[in-house]
Amino acid sequence: MTSDRRAPLQHSYGMAYEQMLEEVRYDGAYPTREKAEEAVRLVLAGLGRQLTGDERVELAARLPLEAARILTAQIPDTQPLTGWAFIKDLAARTGASLATTRWDTGSVFSAVATYAGPDLITRILRQLPSGYALLFGRAELIQAV
């Protein structure tokens, strides 16, 4: 019996998800792909608990399949979290520091924004409570009343 040296790695994902992980790994300066994937899973699951409606569906359609599954596997919370509460919630779930969690979130949201495009991110930010714009690398704009 011969072994195929071209066999896929232990975790065989689609190319789009692999590219997303590499983008997060590069942007976040993670030492391994596994660390980048931990961040992607954590942050996308958290976002899945915050996002509802058409924006959730449209974002899932634009993300790589594996990323979309992480996002949509979550049941949205009844009380949406502000951006800062989102960071604190993720940190509490992992035991990581707030600074590390903020870094992870920014690295993953940067990749998410690439897939989503500026128009969808704008719509997502309108839906979410305050504090998410900075996590997506945008200025937090306050509308005059």
Side-chain angles (χ1 to χ4, degrees), residues 2-141:
T2 62
S3 69
D4 184 356
R5 293 183 189 262
R6 294 171 296 160
L9 298 173
Q10 186 177 8
H11 297 289
S12 177
Y13 298 119
M15 282 301 294
Y17 185 63
E18 292 287 348
Q19 289 173 336
M20 181 182 194
L21 293 178
E22 281 306 310
E23 181 180 336
V24 170
R25 180 179 177 190
Y26 179 80
D27 286 349
Y30 295 101
T32 64
R33 191 181 78 72
E34 289 75 20
K35 289 288 186 192
E37 186 171 15
E38 286 174 21
V40 166
R41 289 185 174 283
L42 172 72
V43 175
L44 283 180
L47 184 59
R49 289 187 293 275
Q50 299 304 306
L51 208 52
T52 61
D54 292 343
E55 290 79 11
R56 176 185 173 105
V57 172
E58 194 172 333
L59 179 59
R62 293 184 186 193
L63 289 173
L65 179 60
E66 293 86 350
R69 285 181 179 152
I70 297 165
L71 179 85
T72 59
Q74 304 302 312
I75 297 170
D77 290 339
T78 54
Q79 289 294 332
L81 300 173
T82 65
W84 180 237
F86 179 80
I87 297 296
K88 291 195 303 191
D89 177 66
L90 294 182
R93 290 172 185 270
T94 62
S97 73
L98 293 172
T100 298
T101 304
R102 168 63 180 89
W103 182 266
D104 291 346
T105 302
S107 299
V108 174
F109 279 2
S110 174
V112 167
T114 301
Y115 285 93
D119 293 342
L120 178 55
I121 293 299
T122 298
R123 290 190 358 247
I124 287 171
L125 291 174
R126 281 190 197 128
Q127 182 191 104
L128 295 171
S130 68
Y132 285 87
L134 293 174
L135 298 174
F136 276 99
R138 289 188 174 188
E140 186 83 37
L141 300 177

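- Counting only heavy atoms from C-beta outward, the side chains of Arg102 and Leu135 approach each other to under 4.5 Å.
- With Arg62 contributing its side chain and Tyr115 its backbone, the two residues share no donor-acceptor pair below 3.5 Å.
- At a threshold of 4.5 Å between non-hydrogen side-chain atoms, the residues Pro76 and Arg49 do not count as touching.
- At a cut-off of 3.5 Å, with distance as the only test, a side-chain donor of Arg138 or Thr122 sits close to an acceptor on the other residue.
- For Thr100 and Ser97, the side-chain atoms include at least one donor-acceptor pair closer than 3.5 Å.
- In this structure, Glu18 pairs ionically with Arg33, as a charged nitrogen and a carboxylate oxygen lie closer than 4.0 Å.
- Annotation: side chain of Thr105 is not in contact with side chain of Leu47 (no heavy-atom distance under 4.5 Å).
- Contact check on Arg93 versus Asp89 returns a salt bridge, with a Lys/Arg side-chain nitrogen under 4.0 Å from an Asp/Glu carboxylate oxygen.
- The main-chain N or O of Asp77 is never found under 3.5 Å from a side-chain atom of Gln50 such that the two would form a donor-acceptor pair.
- Two residues are said to be in side-chain contact when any heavy atoms from C-beta on lie closer than 4.5 Å; Leu128 and Phe86 fail this criterion.
- A distance-only check finds no donor-acceptor pair linking the side chain of Glu55 to the backbone of Gln127 [under 3.5 Å].
- Annotation: side chain of Ile70 is in contact with side chain of Tyr17 (closest heavy-atom distance under 4.5 Å).
- For Leu98, the side-chain contact (heavy atoms from CB on, under 4.5 Å) partners are Trp84, Ile87, Lys88, Ala91, not counting sequence neighbours.
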